[in-house]
Number of protein chains: 2
Amino acid sequence: MVKLSERQQMIMSFIEDFIEENDYPPTIRDIQNGCSISSTSVVAYNLDKLKEGGQLNRHSEVSRGLSLASVGPNSNKFKPTEIDSVAVPLLGTIAAGSPFPMPENDTWSDLSGSELIDLPQAIVGPGDNVYALKVRGESMIDALISDGDLVIMEQASSVRNGQMAAVRIKSDNTTTLKNFYSEGPRTRLEPANSQMDAMTFPSNDVEVLSKVLAVWRYLG
Amino acid sequence: MVKLSERQQMIMSFIEDFIEENDYPPTIRDIQNGCSISSTSVVAYNLDKLKEGGQLNRHSEVSRGLSLASVGPNSNKFKPTEIDSVAVPLLGTIAAGSPFPMPENDTWSDLSGSELIDLPQAIVGPGDNVYALKVRGESMIDALISDGDLVIMEQASSVRNGQMAAVRIKSDNTTTLKNFYSEGPRTRLEPANSQMDAMTFPSNDVEVLSKVLAVWRYLG
DNA sequence: ATTCTATCCGCACTAATGTTCTAAAAGTAA
DNA sequence: TTACTTTTAGAACATTAGTGCGGATAGAAT
């Protein structure tokens, strides 16, 4: 198999992403901008090369006439192995101001409406009472979580000290993700970003909703 | 659900068939011919109706900017228990001051020494040139990455705009994770934490080492 | 019949988008 | 170096393909 140049790899991955996002292929100029290429002719040149190499199909004189070659004998450099996975429901999104989505008592028996996410069992554990939320906006930046991140949570009404959890401040009726420290009559909530200050509340003003198992941020 | 006219049904099924066959959507004129419609404006008219009805997505002023609305009630997926995974080598740790671990040319052929991490193939892709690093310390807090996080990277010497990457500032001989924006003669590096300021450098002072595919933070 | 609304026709207009050409730059081999 | 191939640039060009508009048609309601 012909080795792809850096630029060609970038073009390929751009096309993949673009189709993934829009359901239709990009134009030459879309690729040009997305890959910071100076001229449409360079894109055309490389698309032809990729076509010759069999990486993609191209129909000339057809706008957006691109499609990825069905991945055939290639791409198996590393043989994929099979691992056990757990399907975790994506219950919704969290954003500043919006109510914090929580699984209802009967949610677990009816996950039909929600999207499922496969996660390796090794990191989720048995997977009971585990669910995922997608973060919208930068409201959790204190917890080192940004827009688009996926937060994997496990329903719990108490957590051990130091654990990051979704906690509700009853008096404010706000919910945030903080590191939880029980200190007897008071409870200290500490942002994951240790450059920021912690706050303490009366313990009975703080309610633990779920503990945070993991954060998954996909950028590629 | 709104009932579709004869013509609209024909258009829908034509679009399905066309995409099935070509991997890209038809133009208005393709539809016109395929459905024996006398005028492009009639096609446009009905496409708008179909969009209103939620049957398909349409992007105006975009050629072939059509896609079928994802059919909701079908998607009868059974709960998967196994997924394909790719073993990714954990090459080491990154910490402030320490040199940035990079795969050597021959590293890929000898992964015996390094620990392997299984990640879902859907996330990593084919897995070529992908490796993982464990973060030590809070030096990457600007990138919303903290101590203990696992960073999944793919070796690349260039990335497209907006991508988070490991970049080296040659004049400083420092390496950081930043969002990369090529702006001709200069390159802008933007922290993931958008509350912080971006910096720009001469493009030839910036070297891309790897692109960041994902960040995995395990807290549980 | 009259009016109204939903559709359909043709056609011109223009924005979107692929192609081509020439030249320069970068890389390679002799 | 010189000669040769590959890749990049820039810009004009040509075709593709979406849009808009005046007017026709066809039912349906009044």
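Quick note on labels: first sequence line is chain A, next is B, and so on, each numbered from 1. Note that the structure is predicted; figures quoted are calculated from it, not measured.
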- Decide side chain to side chain contact (heavy atoms under 4.5 Å, CB included) for B:Ile11 and B:Leu50; before the verdict, give the C-alpha distance in whole Å, the side-chain angles of both, and the deciding distance to 0.1 Å. CA-CA 9 Å; B:Ile11 290 177; B:Leu50 286 167; 4.0 Å; yes
- Task: I would like to know whether B:Tyr24 and A:Val62 meet side chain to side chain contact (heavy atoms under 4.5 Å, CB included); could you show each step before the answer?
- Result: CA-CA 10 Å; B:Tyr24 51 79; A:Val62 171; 3.8 Å; yes
- Item | Separation of atom CG in A:Asp30 from atom P in C:dT17, rounded to whole Å | 7 Å
- Quickly work out the A:Gln9 CD to D:dT7 P distance and round it to whole Å. 14 Å
- Any sub-3.5 Å donor-acceptor pair from A:Arg64's side-chain atoms to A:Pro25's backbone N or O? yes
- Task: Check the distance between C:dG18's P and A:Asn33's CG and give it to me in whole angstrom.
- Result: 12 Å
- Whole-Å distance between D:dA17 C1' and A:Tyr24 OH? 14 Å
- Item | Whole-Å gap separating C1' (C:dA6) and CG (B:Asp48) | 14 Å
- Task: Whole angstrom is fine here: how far is it from CD in A:Glu61 over to C1' in C:dT17?
- Result: 11 Å
- side-chain hydrogen bond (donor to acceptor under 3.5 Å, both in side chains) with B:Gln9: which residues, sequence neighbours excluded? none
Give me, pair by pair, the N or O atoms of the protein and of nucleotides 7-13 of chain C that are less than 3.5 Å apart, along with how far apart they are.
unit_1	atom_1	unit_2	atom_2	d
C:dT7	OP2	B:Tyr45	OH	2.4
C:dT7	O5'	B:Tyr45	OH	3.0
C:dC8	OP1	B:Arg7	NH1	3.4
C:dC8	OP2	B:Asn46	ND2	2.8
C:dC8	O5'	B:Arg7	NH1	3.4
C:dC9	OP2	B:Arg7	NH1	3.4
C:dC9	OP2	B:Ser38	OG	2.6
C:dC9	O5'	B:Ser38	OG	2.2
C:dC9	N4	B:Ser41	OG	3.4
C:dG10	N7	B:Ser39	OG	2.6
C:dG10	O6	B:Ser41	OG	2.6
C:dC11	N4	B:Thr40	OG1	3.3

- Item | Length of the CD1-C1' vector between B:Ile28 and D:dA17, whole Å | 8 Å
- Message: Can you list everything that forms a side-chain hydrogen bond (donor to acceptor under 3.5 Å, both in side chains) with B:Asp205? Sequence neighbours excluded, please.
- Response: B:Ser171
- Would you indicate which nucleotide in D:dT19, C:dG18, C:dT17 comes nearest to any side-chain atom of B:Ser63? C:dT17
- Could you tell me the separation between the CG atom of A:Leu56 and the P atom of C:dG18, rounded to a whole number of Å? 13 Å
- Residue pair B:Arg217 / A:Arg217, side-chain heavy-atom distance below 4.5 Å: yes
